[in-house]
Visitor: 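Sharing a structure with you now.
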Amino acid sequence: AQTVTQSQPEMSVQEAETVTLSCTYDTSESDYYLFWYKQPPSRQMILVIRQEAYKQQNATENRFSVNFQKAAKSFSLKISDSQLGDAAMYFCAYRRAGNQFYFGTGTSLTVIP
Amino acid sequence: NAGVTQTPKFRILKIGQSMTLQCTQDMNHNYMYWYRQDPGMGLKLIYYSVGAGITDKGEVPNGYNVSRSTTEDFPLRLELAAPSQTSVYFCASRSGGPNEKLFFGSGTQLSVL
């Protein structure tokens, strides 16, 4: 079975600083996809960034970047220059080369002004 | 674009009642999903579909049923509601291709009392 683990239930960061959210996953597959989703209080799920396992280059999306370590099965999210609007629940997700997505339990990020 | 539309947004059921959560998408996506999100937990997959007429069980299918008679609609049926089904339910559809992403509905808050 595939599992996604987020070991940090809560994190906080000062505005304009950098924070890293951790995610590890367990799989026997070699071809898969990884995602970070953001869920603000509005409850809407918003894609932050995605990474294909076959790509060695870490994905970046403006202030968001990942550190993908395939051998270690680690997929952390770095948020640079944190903004108040970044405050939300962040979910790490995994999709194998089929159709099912698996989500972690989430990390609640607080941004301190 | 409407994207993924879920109805209702809120519902209270009595134990033993039945109801259908509606989900429709206008993006012509083949893949559709139903998730539940319990407090402090990640999203758990209930059922998914890879196209009209095809459905399959996810991680937590017991107590639920789905159908997929059209590409657009993917309703989730709760029979004999139980307090353990109190949760927030999300419907999602997935685009394919190199920029694939999950599109989520706004969620249904269901309480079974």
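Residue numbering restarts at 1 for every chain, and letters A, B, ... go by the order of the sequence lines.
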Visitor: Tell me, for Gln39(A) versus chain B, whether the close heavy atoms (under 4.5 Å) come from the side chain, the backbone, both or neither.
Guide: side chain
Visitor: Using 0.5 Å steps for rounding, measure from the CG atom of Leu43(B) to the CE atom of Met45(A).
Guide: 5.0 Å
Visitor: Would you verify whether the NZ or CZ of Arg43(A) falls within 45 degrees of the ring axis of Phe10(B) while also being under 6.0 Å from that six-membered ring's centre?
Guide: yes
Visitor: With clusters defined by side-chain heavy atoms of hydrophobic residues (ILVMFWY) lying less than 4.5 Å apart, directly or transitively, does Tyr102(A) cluster with Ile46(B)?
Guide: no
Visitor: Check for me, please, whether Val60(B) and Tyr94(A) land in the same ILVMFWY cluster - side-chain distances under 4.5 Å, paths through other members count.
Guide: no
Visitor: For Lys78(A), I'd like to know if atom NZ has over 12 heavy atoms of other residues, nucleotides or ligands within 6.0 Å.
Guide: no
Visitor: Roughly how far, to the nearest 0.5 Å, is CG of Leu102(B) from CZ of Phe101(A)?
Guide: 3.5 Å
Visitor: According to a 4.5 Å side-chain heavy-atom criterion applied to Ile, Leu, Val, Met, Phe, Trp and Tyr, with indirect links allowed, do Leu76(B) and Val50(B) form part of one hydrophobic cluster?
Guide: no
Visitor: Show me the pairs that pass side chain to side chain donor-acceptor pair (under 3.5 Å) and involve residues 81-91 of chain B, at least two apart or across chains.
Guide: Asp38(B)-Ser87(B), Tyr64(B)-Tyr89(B)
Visitor: Tell me if the aromatic rings of Phe103(A) and Tyr35(B) count as close, with their centers under 6.0 Å from one another.
Guide: yes
Visitor: Evaluate the criterion side-chain contact (heavy atoms from CB on, under 4.5 Å) for residue pair Phe91(A) and Gln37(B); output intermediate values, then yes/no.
Guide: CA-CA 12 Å; Phe91(A) 291 97; Gln37(B) 183 181 24; 3.1 Å; yes
Visitor: Report the distance from atom CZ of Phe104(B) to atom CD1 of Ile46(A), rounding to the nearest 0.5 Å.
Guide: 11.0 Å
Visitor: Would you say Val66(B) and Met32(B) are hydrophobically clustered, going by side-chain heavy atoms of ILVMFWY under 4.5 Å?
Guide: yes
Visitor: Hydrophobic cluster membership, with links at side-chain heavy-atom distances under 4.5 Å among I/L/V/M/F/W/Y: are Trp34(B) and Leu80(B) in one?
Guide: no
Visitor: If you count heavy-atom pairs under 4.5 Å between each of Gly104(A), Ala93(A), Cys92(A) and chain B, which one has the most?
Guide: Gly104(A)
Visitor: Quick one: do the Glu59(B) and Gln100(A) side chains pair a donor with an acceptor below 3.5 Å?
Guide: no
